[in-house]
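Not measured: the values here are computed from a predicted model.
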Amino acid sequence: MTRKRVAIIGAGASGLTAIKCCLDEGLEPVCFEKTNEIGGLWCYRESNEERDGLACVFKSTVINTSKEMMCYSDFPIPKEFPNFMHNRYVNRYFHLYADAFDLRKHIKTYTMVKMVTPADDFESSGCWRVDIMDRASNREWTEIFDAVLVCNGHHTYPYIPEFEGVKDFEGTVIHTHDYKRPAGYEDKRVLVIGVGNSGCDAAVELSRTAEQVFLSTRNGTWVLNRLQDHGIPADLVGVRRMWDLVPYGIRQAEFERRLNQQVDLEKYALKPKHHIFAAHPTVNDELPNRIANGTVKVKCNVKCFTKTGVVFEDGTTEEIDCVVLATGYTFSFPMVDPNVVHVDKNQASLYKNVFPPNQKHPTLAIIGLAQPWGAINPISEIQCRWATRVFKGTTLLPSKDKMLDYINTNKEDMKKRYVSSQRHTIQVDFITYMDEIASEFGVKPEFKKVFAQDPVLALRCFFGPCYPYQYRLIGPGKWEGAKQAIETAWGRMLAAFDTRKVPVEETSSLGFWLKILVVIVVILGVWWTFI
């Protein structure tokens with residue numbers, strides 16, 4: 001029987017796992033990558049020509065999620081890699097992944113997909129016409145594929161807001177999309193507009209060499225550190241199933257209290273108008289220090305530009321040499337027939353952010369269209385595992401009406417929870433969303449069954465970090481190494497710090513473990529009631 005051919009657009013974090021998932025399901029992947037390298041966003045490119053129309057990190061960018069939480073579910077990151085990886089390490093991991101599973105031979109580099117439209121016989125076959133161009137020779141051709149996975153990401157098209165007077169401003173204005181490094185900003189007065197991750201990273205970095213950096217925010221933001229108590233990666237503490245046992249309001253209030261205990265955001269002019277779970281937070285370890293030493297000054301929203309500076313909404317003015325817009329992105333899929341996937345103001349009607357509900361045949365899927373409280377790589381992977389099984393016919397989607405009901409309900413829930421913004425149209429909670437997708441094809445862990453077979457493993461999974469490996473314990477794609485990966489994950493996290501042997505004083509820990517045992521027994525009783 002002829003294998004189904006799947007076109008994959010992009011060889012970044014989503015595209016690479018898409019190739020592997022196709023191979024796992026016996027499909028034939030053909031991945032089209034418009035550049036000469038894999039890695040997508042995490043492949044740093046220096047020249048503007050290389051960056052044209054592409055997402056790209058800063059030269060200095062470090063990922064905000066720790067390695068054990070951001071890895072693919074059957075390929076742990078090497079223990080010697082740092083817990084929060086510089087973009088060089090992230091890209092190196094992608095290369096290791098590609099080599100481990102022999103993915104490169106399925107990638108056509110310097111080749112772009114110009115358009116995807118339903119094939120002439122789509123009504124009966126579900127196939128797609130894919131128009132392709134070789135960027136080196138400009139040769140164009142068309143191929144027919146059984147299915148398509150769109151993996152072009154959502155950090156490609158910068159959002160440039162309109163400001164009164166900006167056309168007359170005599171300084172420079174760029175978007176963080178085009179920012180690379182602080183060279184050229186020495187002794188300048190720089191205004192960064194926007195307090196998302198990119199904006200705060202740029203402000204902190206520029207503050208080391210600029211004369212003064214101003215950071216403008218419309219609503220303020222909650223600022224998180226990468227590390228928790230005792231230097232443990234924060235997501236290893238925060239992304240755990242057990243927190244669902246705590247009422248939402250209590251969790252939110254305690255989270256806010258702890259953040260303000262670290263840095264009083266009101267004193268630092270960062271206090272937002274919204275609660276912590278109502279918007280995507282900012283992760284930055286250095287921003288409070290930069291504000292404290294005066295190299296970064298937080299300002300309110302910009303009212304208008306003058307020839308040599310800006311006027312803020314509170315009436316204050318500043319002379320400015322350079323402006324960096326950290327105003328986010330709009331996402332779109334210009335290579336896909338708009339009758340198939342339509343995007344309006346960063347809103348796309350997709351079942352669980354993946355499948356267009358109006359397809360007669362579910363043979364096209366969007367991968368990686370999510371902004372998680374957590375890591376994106378495991379989300380892209382589980383989306384691909386689900387989509388490839390749908391393509392193969394071993395997993396079925398709900399009816400069109402049920403998918404539309406889900407989409408509409410989800411949009412209403414988003415409106416109730418999140419600040420109204422183009423940024424919050426694809427926001428998801430990591431565990432909730434992973435579980436939703438996992439339930440679609442039978443890989444969500446069933447903890448009562450796991451507890452009956454291996455109580456220690458069940459407790460690790462519920463009370464410990466929700467590692468991606470949990471989604472390889474059962475069902476299609478089960479990985480025999482998943483249990484061991486869970487058991488050894490904490491050791492891999494600690495191994496990254498093991499660069500110098502330090503004498504450790506022995507202390508009695510009996511009292512501590514007795515307290516822990518009592519707490520576990522109490523929580524276990526509550527947990528058994530709720531799962």
Is it true that a side-chain atom of K483 and a backbone atom of L457 form a donor plus acceptor pair closer than 3.5 Å? no
Could you tell me whether the side chain of K188 and the main chain of L206 form a donor-acceptor pair under 3.5 Å? no
Candidate pair W490 and L494, rule side-chain contact (heavy atoms from CB on, under 4.5 Å), full reasoning: CA-CA 6 Å; W490 200 262; L494 294 175; 3.7 Å; yes
State, to 0.1 Å, how close C461 and I486 come at their nearest heavy-atom pair, and which atoms those are. SG-CD1, 3.9 Å
Check: D235/S66 side-chain N/O donor and acceptor closer than 3.5 Å: yes
Shortest non-hydrogen contact between C43 and E37, atoms and distance: SG-CB, 3.9 Å
Ignoring hydrogens and angles, tell me if any N or O in the side chain of T425 forms a donor-acceptor pair with the backbone of N346 under 3.5 Å. yes
Student check: side-chain heavy atoms of L149 and Q383 closer than 4.5 Å: no
To the nearest 0.5 Å, what is the distance between CD on E313 and OG on S216? 8.0 Å
Given 3.5 Å as the limit, does a donor-acceptor pair link the side chain of R251 with the main chain of V246, or not? yes
Is the backbone of A279 close enough, under 3.5 Å, to the side chain of W222 for a donor and an acceptor to pair up by distance? no
Within the 4.5 Å heavy-atom criterion, are R181 and F58 side-chain neighbours or not? no
Can we say R460 and D454 salt-bridge, meaning some charged N sits less than 4.0 Å from an Asp/Glu carboxylate O? no
Short side-chain to backbone donor-acceptor contact, T316 and F312, under 3.5 Å: no
Interatomic spacing from CG in N301 to CD1 in I193 - rounded to 0.5 Å: 8.0 Å
When you check the side-chain N and O atoms of Y44 and T61, is any donor under 3.5 Å from an acceptor? no
Checking K20 now: which residues fulfil salt bridge (charged side-chain N to carboxylate O under 4.0 Å, His left out) with it, not counting sequence neighbours? D24, D74
Side-chain heavy-atom pair W373, P281 within 4.5 angstrom cut-off: yes
Checking side-chain contact (heavy atoms from CB on, under 4.5 Å) for the pair V90/V57: CA distance, chi angles, key distance, verdict? CA-CA 11 Å; V90 178; V57 292; over 6 Å; no
Just by modelled atom types, is the G10 backbone N or O under 3.5 Å from a matching donor or acceptor in the N152 side chain? no
Value for CG (L473) from OH (Y467), rounded to nearest 0.5 Å, stands at 13.0 Å
Distance check, rounded to the nearest 0.5 Å: R389 atom CZ versus W386 atom CH2? 13.0 Å
Please step through side-chain contact (heavy atoms from CB on, under 4.5 Å) for the pair F462 and V450, ending with a clear verdict. CA-CA 11 Å; F462 193 82; V450 175; over 6 Å; no
Taking only residues two or more places apart in sequence, or in another chain, which ones meet Y248 in a ring pair (Phe, Tyr, Trp, His ring centres under 6.0 Å)? F277
Reference residue V283; test side chain to side chain contact (heavy atoms under 4.5 Å, CB included); the match among T65, V62, N64: N64
In terms of heavy-atom contacts, K444 and S439 come closest through CD-OG, 3.4 Å
Identify the two heavy atoms, one from A326 and one from V192, that lie closest to each other, and give their separation to 0.1 Å. CB-CG1, 4.3 Å
Please name the pair of heavy atoms, one in A278 and one in H274, separated by the smallest distance, quoted to 0.1 Å. CB-CB, 4.0 Å
Answer yes when E318 and K297 have at least one side-chain N-carboxylate O distance shorter than 4.0 Å, and no when they do not. no
Do L103 and Y97 make a side-chain contact, defined as non-hydrogen atoms from C-beta onward lying under 4.5 Å apart? yes
Is the count of non-hydrogen atoms from other residues, nucleotides or ligands lying under 6.0 Å from K411 atom NZ greater than 12? yes
Checking L215, I320, L325 against L191 for side chain to side chain contact (heavy atoms under 4.5 Å, CB included), the one that qualifies is I320
Give a yes or no on this: more than 12 heavy atoms of other residues, nucleotides or ligands lie within 6.0 Å of atom CD of E80. yes
Please tell me if the side chains of D321 and V190 come closer than 4.5 Å, counting only heavy atoms from C-beta onward. no
Within the structure provided, determine whether R385 and P476 are in side-chain contact (heavy-atom separation under 4.5 Å). no
Separation between NZ of K352 and OH of Y433, rounded to the nearest 0.5 Å: 8.5 Å
Salt bridge flag under 4.0 Å for residues E46 and K59: no
Hydrogens and angles aside, do Q470 and R241 bring a side-chain donor and acceptor to less than 3.5 Å of each other? yes
Under the side chain to side chain contact (heavy atoms under 4.5 Å, CB included) rule, collect the residues that match up with I174, sequence neighbours excluded. Y179, Y185, V324
Report, as yes or no, whether the 6.0 Å neighbourhood of atom CD on E211 holds more than 12 heavy atoms from other residues, nucleotides or ligands. yes
Taking E33 for the side chain and T35 for the main chain, is one N or O donor matched with an acceptor at less than 3.5 Å? yes
Would one find more than 12 heavy atoms of other residues, nucleotides or ligands at under 6.0 Å from atom NE2 of H280? yes
Does a donor on one side chain sit under 3.5 Å from an acceptor on the other, for Y469 and E68? yes
How about D201 and N284: does a side-chain donor come under 3.5 Å of a side-chain acceptor? yes
Side chains of T282 and T221: is there a donor and an acceptor less than 3.5 Å apart? yes
One should read off an interatomic distance between F497 CZ and N83 CG, to the nearest 0.5 angstrom, of 4.5 Å
I'd like to know if the side chain of N219 reaches the main chain of P272, judged simply by a donor and an acceptor atom lying under 3.5 Å from each other, with no hydrogens or angles considered. no
Which of F94, Y93, W479 passes ring pair (Phe, Tyr, Trp, His ring centres under 6.0 Å) with F75? Answer is Y93
Just do the side-chain contact (heavy atoms from CB on, under 4.5 Å) check on L224 and I276 with the steps written out, would you? CA-CA 10 Å; L224 281 61; I276 180 67; 4.1 Å; yes
Would you kindly say whether R92 and H86 are connected by a side-chain donor-acceptor distance under 3.5 Å? no
If you take all heavy atoms of M493 and L236, which pair is closest and at what distance? CG-CD1, 3.8 Å
Using a 4.5 Å cut-off on heavy atoms from C-beta on, say whether the side chain of T295 contacts that of R208. no
So, does N260 use its side chain to make a donor-acceptor pair with the main chain of L265 at under 3.5 Å? yes
Between E440 and Y351, is any pair of side-chain heavy atoms under 4.5 Å apart? yes
Should we say atom CZ of R226 is surrounded by more than 12 heavy atoms from elsewhere, each under 6.0 Å from it? yes
Applying the side chain to side chain contact (heavy atoms under 4.5 Å, CB included) test to N353, which of I437, I426, I366, I367 qualifies? I426
